Amino acid sequence: MQLTRSMPVDTTPVTCEVAAPSRALYFALLDAPDDAAVRNRAADYLNAKLDEASALPCDLPPDPAGLGDWLEAHTAKIGGQYQAYLDERRAGAPRRYFTSKAHALHFLRGVAPTKLVDGAWLYGLLQRWDDARFTSLIQTYLEELGEGQPEKNHVVLYRKLLASQGCDDWQTLDDDNFVQGVIQLALAEHAEQFMPEVIGFNLGYEQLPLHLLISSYELTELGIDPYYFTLHVTVDNADNGHAKKAIQGLLAAWPQVGDSEEFYRRVMNGYRLNDLGASTLSVIGGFDPEQEVMRVLEKKAGVGQFVHSDYCRFDGRTVNQWLAEPEQIPQFIETLQRRSWIKRHEDPQNSRFWQLITGEQAPMFGVFSAHEQQLIHDWIAGDWLAEQTPTRGKPRPSLAQRQVPFSSRRRTSTERPAKPALVQQGQHVSDFDQEALLLEQQLTQLPTREARMRHLLPLLAPTRHHSAAGLLATRIFTGLFN
Ligand SMILES: [Fe+2]
């Protein structure tokens with residue numbers, strides 16, 4: 001079945017396959033996951049990455065019987081590290097990850113290719129929905145999809161988060177930022193060939209990391225809704241969450257007849273795949289505000305005509321002339337600072353360049369997105385921004401307290417997934433409901449539960465589950481599965 005890509009992307013020229021192989025494969029897997037050539041490329045990619053991963057260290061216990069203790073020790077270690085972090089902050093330490101809101105937005109954008117396919121690695125197991133060995137892992141997948149409830153579907157949530165912060169221009173990120181996303185999409189397509197690796201990857205991905213706790217805390221502090229991240233703190237918990245289910249899934253699939261040593265070796269290698277490509281910490285560490293400002297200005301260079309008045313000249317050139325040549329932008333920024341149009345490390349309101357791009361009467365009003373404005377603002381503000389932090393040196397409220405303003409805005413639903421509500425015959429159906437009606441009609445024509453589940457499966461794929469039809473299909477599938 002030909003799938004329709006539902007994520008906005010830039011055109012990816014064929015030459016990108018050489019320059020940015022992971023990015024090219026990522027979009028190919030979103031565009032045409034059923035295409036034989038794309039599938040072959042995905043399998044080759046996985047084999048190459050597994051080869052690369054095999055050289056990395058692995059902290060899993062040599063005997064899977066020790067996984068329970070390993071999980072407990074990991075959870076205790078992370079808990080202790082997080083407590084130490086909170087103590088530091090209470091004693092007045094600055095944020096550990098995000099120097100500014102622009103820095104946090106850089107992180108949200110940088111990990112977007114991974115987060116937008118959240119859960120994908122487990123999709124291939126759905127074909128085995130009637131095999132009890134995979135029940136806990138399929139439950140994990142359905143929970144990643146919020147069991148079809150949009151307010152709990154992880155991909156829907158991340159898409160909304162990106163859109164709300166103006167960070168949805170992630171398609172041109174570096175190749176490294178796409179590695180994890182490709183691994184996840186490739187595992188989705190090749191579970192039959194890489195089942196132990198899927199289980200191992202899941203075991204690594206679903207462990208609660210320290211960075212999830214710290215980033216949740218600091219996003220809240222910067223006024224960014226942390227729900228996508230705090231949700232994972234609860235779903236990955238070691239007691240009954242995805243971390244525990246990951247171990248159950250591994251033990252349930254343990255070979256009874258085959259070579260268990262080889263199985264566990266492959267699980268370990270799948271586990272190591274988590275360490276390839278850009279990570280949360282490398283994305284955060286790679287933030288260079290000046291470079292980001294240049295990237296934004298270079299992007300705008302193509303717009304060309306947005307500054308109508310040419311009366312301002314810097315070193316004999318109009319703003320349009322400066323921006324017409326991307327390679328001149330570093331020099332342009334330097335000139336703006338020298339001519340005091342940009343006054344670094346001061347309130348940006350003191351900078352004429354800032355005045356030029358904000359305010360309704362500004363010549364460049366509307367040219368820069370909210371994210372881009374934040375970036376320029378925080379870069380100009382520099383050290384001044386740190387001095388403005390009102391809570392420096394004061395005890396911080398707990399994460400739970402900080403979550404209130406966001407969580408109180410959110411509709412919390414504890415309802416079970418809705419059963420399909422078939423539209424009554426003869427009732428008028430709007431264009432918006434046609435998809436749902438069609439799907440329900442198709443299902444009623446199928447004779448068995450098994451046939452209905454098979455029919456629904458393609459709609460639960462990583463590229464489709466977050467669409468209206470995909471969410472409906474997930475709700476129905478969850479109802480049939482449980
Ligand atoms: Fe998730």
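Quick note: numbers below take in every heavy atom, side chains included, and nothing from hydrogens, waters or symmetry partners. Throughout, numbering of the chain's residues begins at 1 and tracks the sequence. Atoms within a ligand are numbered from 1 in the order they appear, just like the ligands themselves. Quantities reported herein were computed from a predicted structural model and do not represent experimental measurements.
The pair E151-K160 does not count as a salt bridge, with every side-chain nitrogen at least 4.0 angstrom from each carboxylate oxygen.
Ring geometry, W170 versus Y26: the interplanar angle exceeds 60°, so the pair is classed perpendicular (tilted spans 30 to 60°). Ring-plane geometry between W121 and F201 is classed as perpendicular, the angle between the planes exceeding 60 degrees on a 0 to 90 degree scale with a lower cut at 30.
Of all non-hydrogen atoms in D176 and G277, the two that sit nearest each other are OD1-CA, 3.5 Å.
Contacts of P64 classified as side-chain contact (heavy atoms from CB on, under 4.5 Å), with partners at least two apart in sequence or in another chain: L67, L251, W254, Y264.
Within the protein, the number of N, O or S atoms lying under 2.8 Å from the Fe ion (ligand 1) is 4.
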Worksheet item: What do the steps show when you test R95 against E221 for salt bridge (Lys or Arg N to Asp or Glu O under 4.0 Å), and what is the final call?
Response: CA-CA 9 Å; R95 283 186 293 273; E221 207 170 322; 3.5 Å; yes

